[in-house]
Amino acid sequence: MQEEDTKAVADPPKPDFWRDPRPTNENPNFVRDYFASSRLHFIGSFRARYESMMVAVAANLAVNPRLLLQSSAEKGLLSAKTTRAERVIVHIDMDCFFASIAVKKNPALAGKPIAVCHGGGEISSCSYEARKFGVRAGTFFRDGRKLCPDLLSVPYEFPMYEEASLLIYAIFYSSPTVSVEAVSVDEAYLDITLAIGDDRHASQSGADALVRSLRDKIFASTGCTASAGIGPSKLVARLATKAAKPNGQMRVRQENVIAYLDTLQVKDLPGIGWRTGRRLREKSITTVPQLRALSLAELQSEFGGRQGQVFYNLARALDARPVEPLKPRKSIGAEASWGVRFTKEEEDKARKFIMDMADEVAARVEAAGAYGTKVVFKEYKRKKNASMVGYKHLGHGPCVVFTRSARIQTRSAGRPLKELLRQACIRLHNDLGLHSDELRGVGVQMTDLSFADLNFDHAEATTAGSTRRIDSFFETAVPSSIGNGLSISQRRKAANEAIKDLPSSRNGLGQVSNQSKGGAFDKEEPFEVEFVKKHSERIEASKERMASPIDEQTETHLADIEDEDRIEPAPAQVEFQRAPQVKDAVGKAHESRELDIPKGWDREVFHNLPKDLQDELLKSSSHAIAAGHPPPREAEAVTDDTSAHRIAPPKRRRNPKPKPAAAQAERAKRRKAGQVTMTQFADISNLKKRGHNVLDAEEFREMPLRDCVELLGDLRGKPLNVRTLQTDRRNVETERTGRREGEEDELEDLEIPSPPSLSSDSDGSCSMTEMVLRQGFEEGPVYAEEELSTYAEVLRVWMRTVAGDVKSGHVELIRGRVLELLRRKKLERVCSEMRLVRLFVGEEGMGAWVGHYNRILDDVQEECRVLYKFRLALRKA
DNA sequence: ATCCTCCCCTAC
DNA sequence: TAAGGTAGGGGAGGAT
Ligand SMILES: Nc1ccn([C@H]2C[C@H](O)[C@@H](COP(=O)(O)OP(=O)(O)OP(=O)(O)O)O2)c(=O)n1
Ligand SMILES: [Mg+2]
Ligand SMILES: [Mg+2]
């Protein structure tokens with residue numbers, strides 16, 4: 001605050017913005033600074049960096065990169081189908097990756113509990129010494145300190161992570177018979193079936209030896225340890241890695257797979273995360289055998305067809321997914337939901353920020369040599385009752401997230417991508433109608449991509465390709481004897497034959513470019529070796545750097561990898577319009593009706609329509625951004641592919657552009673007369689407008705969920721899925737027929753103010769017996785002041801007495817008491833008592849209580865969610 | 001049936 | 001105090 005005042009006097013440009021990050025309305029370079037410091041951006045952009053690496057290698061070989069990747073894929077396919085009944089799959093992952101790099105850089109940290117984070121923020125990775133205390137990725141450093149008082153905070157070293165990553169991939173790619181599937185910056189799957197002998201016994205030890213040598217090479221190269229799992233499938237290999245950590249390797253044989261699985265919790269299965277784990281727990285399913293006891297039909301009715309099948313297979317370790325190379329991305333985007341702050345008066349700044357984000361995406365799309373035809377725009381809106389304090393500093397806090405999408409015209413002549421993206425985003429921002437002071441995050445995504453360099457078009461691929469990745473997850477591996485007993489070189493030959501026989505469109509993979517000759521296996525320089533050669537300079541340099549731990553020059557490296565230079569927007573080109581209120585969205589269309597009629601609509605037909613139909617049409621046409629200001633070009637670009645253009649011929653599939661006005665009119669009319677649709681039944685005013693005799697929101701809220709679902713199902717003439725009403729937050733801001741408000745844990749905190757004298761400064765000695773804690777629950781919403789302070793004293797002294805040796809009985813006493821209060825809906829009391837406990841837990845000598853309090857708090861919040869669908873505004877210790 | 005939009009969930 | 005991104009699979013509802 002006074003910072004602003006003194007700025008004019010002396011304000012040396014802060015070189016350390018990262019130490020004192022400013023929100024969007026105070027930092028014009030927010031986007032650059034933020035992405036340079038975000039760990040999630042770093043790990044999230046791995047795929048983009050990896051992709052460009054592959055393109056570079058392919059360019060060097062003068063072949064279509066898709067062919068390279070295909071050859072690799074075919075190796076995976078072959079190994080699955082030929083040599084032996086059992087594939088040999090390896091999953092390999094660096095141990096506490098970021099933390100290990102920190103130790104590498106500063107060996108004095110070895111053996112110590114360390115956590116990688118910005119000063120006091122969220123922990124990204126921590127050493128195994130720290131994990132012994134319960135510290136995890138995602139823990140706040142402050143909380144980590146409570147668990148582990150000696151925990152040290154170490155800063156990020158993104159360039160070093162990138163270098164180590166390159167080194168391990170160089171090792172993975174150094175064997176031509178091993179196929180590689182990149183997973184993340186520190187992790188990959190390998191199919192080593194072809195790399196080891198056919199004899200089963202020999203191959204088992206061969207697998208172990210090969211994996212050990214890979215891990216040795218990794219350590220020699222990076223100075224960091226990796227762990228690995230070996231199994232008959234990706235799933236099993238991955239689970240084995242976890243068990244092998246740290247610095248170990250583990251093989252699970254086919255015959256032991258189920259026994260091993262039976263020792264696991266459902267939450268340990270990849271794909272079952274926090275939410276699904278909770279849903280299963282609510283059905284009393286916590287272990288893998290319990291999950292296996294559910295029938296396919298049960299799982300599918302609960303989770304849907306595909307997901308149900310996946311969970312069913314997970315429980316049985318059925319997993320035939322091949323190890324295959326990454327496919328080109330289907331979407332490219334950027335998002336920021338931290339530090340986004342504007343005042344009501346800063347709408348212009350907000351738009352500038354949105355345009356910066358659009359520019360960022362444009363730059364990333366262009367860097368990838370891609371072009372997309374669809375823009376997805378996303379905004380985080382602060383929840384109405386969200387407390388302004390108590391959340392992560394400058395975090396988004398409790399939010400509703402909205403997304404809107406639009407088509408952009410296919411490379412309308414000469415219009416820079418940047419412009420189109422900006423225009424689309426601003427337009428969609430207007431559609432959403434958020435006020436700038438409630439904006440907490442912005443996301444921009446470009447999808448429906450095609451790649452110039454790869455001569456690859458996703459739409460084409462989808463049409464031509466028969467298999468989607470998930471499909472293979474459903475099959476079990478098919479044993480086959482083809483290729484058995486062949487030498488490696490013979491198998492390579494077979495692999496090349498197989499590739500030659502493939503129609504180039506097979507699997508939706510692109511075509512061989514003119515210069516490429518023969519299958520990749522024939523080349524003297526196999527792709528894998530080429531990878532290493534191509535990057536040898538960087539690899540060597542990295543090796544050197546990794547060899548000298550204490551090293552300074554890491555600062556500029558990341559920029560080499562991802563060029564995030566941005567052109568300053570020319571403000572003149574941008575018209576700032578007032579953001580319309582939500583309700584005005586249609587009204588706004590009236591003013592500029594002429595201009596806003598989407599190209600491709602029949603102007604005359606349109607004007608002859610009734611006014612309300614016109615409105616209806618315009619409303620739905622916000623999906624066709626092309627309708628926007630400068631009238632778009634006709635989509636003649638579709639036809640030209642031959643020359644300098646980067647876009648592969650889009651084949652057929654007329655891109656979903658505005659349909660003829662007449663058809664639209666038909667649809668609008670039908671909808672008007674027709675049945676209740678989703679957006680309509682979700683919005684009560686809409687239901688009423690449509691003449692449905694419908695109750696008001698209050699009545700809906702009080703109706704049992706079952707009845708509500710049934711009623712709406714009837715109105716719709718089609719059964720309604722319960723979960724849609726329960727958890728889907730679509731259009732949450734309308735007056736709801738459902739009960740989404742306050743539904744989820746991220747929704748409103750219930751703020752219950754503390755009673756006046758909580759700090760309990762009295763020091764009077766009370767006889768404290770556990771009987772006092774067991775005393776009856778008084779009536780009335782709040783404690784009489786006296787009562788509370790008496791209770792507080794008793795509680796404090798009791799807690800202190802047992803603090804030396806807190807037994808589970810002690811904990812249960814507290815937990816049972818607050819949970820009972822909660823069940824009786826004495827929320828003020830719950831909050832008062834929890835705050836008391838928290839207060840005391842913070843005192844000197846009460847350390848043993850900290851973890852117990854936090855666990856009790858978790859239980860209270862969980863119970864509160866189940867019972868009342870909100871959270872109490874209580875803090876962790 | 002299949003496509004589209006918006007939303008949810010997961011992994012690193 | 002503090003850097004809560006990125007991309008994929010998939011589901012439901014609706015339009016065709
Ligand atoms: N929530 C997370 C998870 C991971 N990472 C980063 C830091 C990790 O070091 C790196 C790799 O993720 P891993 O899941 O492999 O975790 P670690 O390598 O740290 O530990 P482990 O030994 O369990 O693999 O990604 C992160 O920033 N935030
Ligand atoms: Mg790891
Ligand atoms: Mg990992």
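Chain identifiers are assigned alphabetically (A, B, ...) following the order of the sequence lines, protein sequences preceding nucleic acid strands; residue numbering begins at 1 within each chain.
- Side-chain nitrogen and oxygen atoms of A:S37 include none within less than 4.0 Å of the OP1 or OP2 phosphate oxygen of C:dA2.
- Counting non-hydrogen atoms under 4.0 angstrom, A:Q445 reaches nothing in the nucleic acid.
- Nearest to the side-chain atoms of A:R329 among the listed nucleotides C:dG10, C:dG8, C:dG5 stands C:dG8.
- Within the 4.0 Å cut-off from OP1 or OP2 of C:dG4, at least one side-chain nitrogen or oxygen of A:S38 is found.
- Note on A:G339: nothing from the nucleic acid sits closer than 4.0 angstrom, heavy atoms only.
- Of all nucleotides listed (B:dC4, C:dG8, C:dT6), C:dG8 comes nearest to the side chain of A:K330.
- The side-chain hydrogen bond (donor to acceptor under 3.5 Å, both in side chains) test with A:H91 singles out one residue from A:R238, A:E187, A:K234, and that residue is A:E187.
- A cation-pi contact, defined as under 6.0 Å to the ring centre and within 45° of the axis, links A:R364 to A:F35.
- Using bins of under 30°, 30° to 60° and over 60° for the plane-to-plane angle, the ring pair A:F303/A:F311 lands in the perpendicular bin.
- A cation-pi arrangement is found for A:R49 relative to A:F42, the charged atom lying closer than 6.0 Å to the ring centre and inside a 45° cone about the ring normal.
- Here the side chain of A:D186 is nearest to one of B:dC12, C:dT1, C:dG5, namely B:dC12.
- OP1 and OP2 of B:dC4 both lie 4.0 Å or more from every side-chain N or O belonging to A:K374.
- For the pair A:F98 CZ and C:dG5 C1', the interatomic distance rounds to 12 Å; values are reported in whole Å.
- Closest to the side chain of A:R306, from the set B:dC9, C:dG10, C:dA12, is C:dG10.
- Of all nucleotides listed (B:dC9, C:dG5, C:dA3), B:dC9 comes nearest to the side chain of A:R723.
- Put simply, A:R22 has no side-chain N or O that comes within less than 4.0 Å of OP1 or OP2 on C:dT1.
- The listed nucleotides are C:dG5, B:dT10, B:dC12; the one nearest the side chain of A:R275 is B:dT10.
- Contacts of A:E335 with the nucleic acid, taken as non-hydrogen atoms under 4.0 Å apart, include base atoms.
- Atoms CG and CG, from A:L239 and A:D319 in turn, are 9.5 Å apart once rounded to the nearest 0.5 Å.
- Contact between the side-chain N/O atoms of A:S184 and the OP1/OP2 oxygens of B:dA11 is not found at any separation under 4.0 Å.
- Here the side chain of A:P21 is nearest to one of B:dC9, C:dA2, B:dC6, namely C:dA2.
- Across A:L720 and A:V709, no two heavy atoms sit closer than the pair O-CG1, 3.2 Å.
- Listed nucleotides C:dG13, C:dG8, B:dT5 differ in distance to A:N721; the shortest reach to its side chain belongs to C:dG13.
- Of the side-chain N and O atoms in A:T724, one or more sit less than 4.0 angstrom from OP1 or OP2 of C:dG13.
- Residue A:A137 is out of contact with every strand shown, counting any heavy-atom pair closer than 4.0 Å.
- At C:dT1, none of the side-chain N or O atoms of A:H118 fall inside 4.0 Å of OP1 or OP2 (strictly under the cut-off).
- Residue A:R278 places no side-chain N or O under 4.0 Å from the OP1 or OP2 atom of B:dC9.
- Side-chain nitrogen and oxygen atoms of A:R47 include none within less than 4.0 Å of the OP1 or OP2 phosphate oxygen of C:dG5.
- OP1 or OP2 of B:dT5 sits under 4.0 Å from a side-chain N or O of A:R407.
- Comparing C:dG10, B:dC7, B:dT5 by their closest approach to the side chain of A:T403 singles out B:dC7.
- Distance from the side chain of A:H393 is smallest to C:dA2 among C:dA12, C:dA2, C:dG5.
- Within 4.0 Å of A:R238, counting heavy atoms only, lie sugar-phosphate atoms of the nucleic acid but no base atom.
- Checking the phosphate oxygens (OP1, OP2) of C:dG5, a side-chain nitrogen or oxygen of A:Y34 falls inside 4.0 Å.
- Residue A:F46 is out of contact with every strand shown, counting any heavy-atom pair closer than 4.0 Å.
- Residue contacts shown for A:G333 are limited to sugar-phosphate atoms, with no base heavy atom under 4.0 Å away.
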Is there a side-chain contact (heavy atoms from CB on, under 4.5 Å) between A:T447 and A:K330? Walk through the geometry before answering. CA-CA 6 Å; A:T447 77; A:K330 293 178 179 167; over 6 Å; no
